[in-house]
Amino acid sequence: MTEYKTWQIGDVKVTRVLEQEAPLPPEALIANVDADRLKEHESWLKPHFMNEAGQIVLSIHALVVESGGKTIVVDTCMGNDRPLPMDMGPLQTGFLEDLEAIVKREQVDYVLCTHLHFDHVGWNTMKVGDDFVPTFPNAKYLFAKDEYDHWIGGPEDENIDLRFGVQPVIDAGLHELVPADHALTDEVTLESTPGHTPGHVSVRIESGGARAVITGDMVHHPVQLAEPHWGSHPDAQPERAVETRRDFVSRYGDSDVLVIGTHFAGPTSGRIKKVGDSCRLEAV
Ligand SMILES: [Zn+2]
């Protein structure tokens with residue numbers, strides 16, 4: 001049984017449903033990590049975001065957002081029963097049972113993928129017989145138009161990320177293309193955070209004077225908020241990704257905005273506090 005975490009942001013409830021948490025060497029994620037500089041951040045990274053061995057810890061989870069009578073699943077992890085990049089699959093986890101303890105799959109109104117990488121579109125579908133079919137039959141699957149246009153019909157549209165988690169949704173006609181500032185409800189809107197992928201979006205929540213933002217992969221690990229120029233290997237447009245992280249930190253640093261990380265381990269959330277010429281995530 002998974003360990004749920006919930007947040008209340010005004011009238012909006014967010015629940016984390018975990019698929020997997022794992023440590024990895026910093027250089028396996030961060031392209032230009034500086035080991036000495038990383039050491040300087042250990043005091044606030046440990047124990048949640050870095051383990052005793054100095055490995056960084058990442059999580060793969062979905063976030064269930066309940067707002068204005070609508071249920072939204074933000075990012076759908078890797079999914080079961082399918083090949084995955086880097087020999088990570090096929091998985092057989094209890095993710096769907098864990099999710100359905102929160103919301104039945106027929107009751108999900110929207111699925112929002114921050115971008116179309118394999119670890120964000122997996123449970124868009126599930127295997128029934130020999131086929132992959134949409135897991136959430138009554139949902140609209142929202143894809144940012146720029147993201148969709150980048151991948152679909154392009155040279156990579158046969159890739160593993162899309163074949164299992166995205167194409168069956170398109171075939172079923174359940175997808176809807178939305179602008180990068182789309183409002184899902186009065187309280188939940190998208191914001192454009194390109195660079196990791198060209199049409200990447202984050203999710204902003206505002207309700208009853210409280211504010212939060214779900215990052216997506218514009219940042220993978222909290223140390224990249226302190227060192228925005230530390231890129232992630234999979235960033236498609238590295239310079240744009242750095243610019244997006246810098247903007248994000250200046251927008252949300254020293255504010256009341258709760259940052260909920262799509263790959264942040266442990267508490268998964270915190271507030272950005274500026275410290276000297278750098279900053280840290282104070283876990284909440
Ligand atoms: Zn990811």
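Atoms within a ligand are numbered from 1 in the order they appear, just like the ligands themselves.
Under 2.8 Å from the Zn ion (ligand 1) lies an N/O/S atom of H263, whether from backbone or side chain. At a cut-off of 2.8 Å, H120 coordinates the Zn ion (ligand 1) through an N, O or S atom.
Note on D149 versus K145: salt bridge recorded, some NZ/NE/NH1/NH2 to OD/OE distance being below 4.0 Å.
Nearest N/O/S atom of D119 with respect to the Zn ion (ligand 1) is recorded as OD2. Note on D217: its N/O/S atom closest to the Zn ion (ligand 1) is OD2.
The aromatic ring centroids of H120 and H196 lie 6.0 Å or more from each other. The distance between the ring centers of W151 and H117 falls below 6.0 angstrom.
Contact check for M218 versus E191: no side-chain heavy atoms found under the 4.5 Å cut-off.
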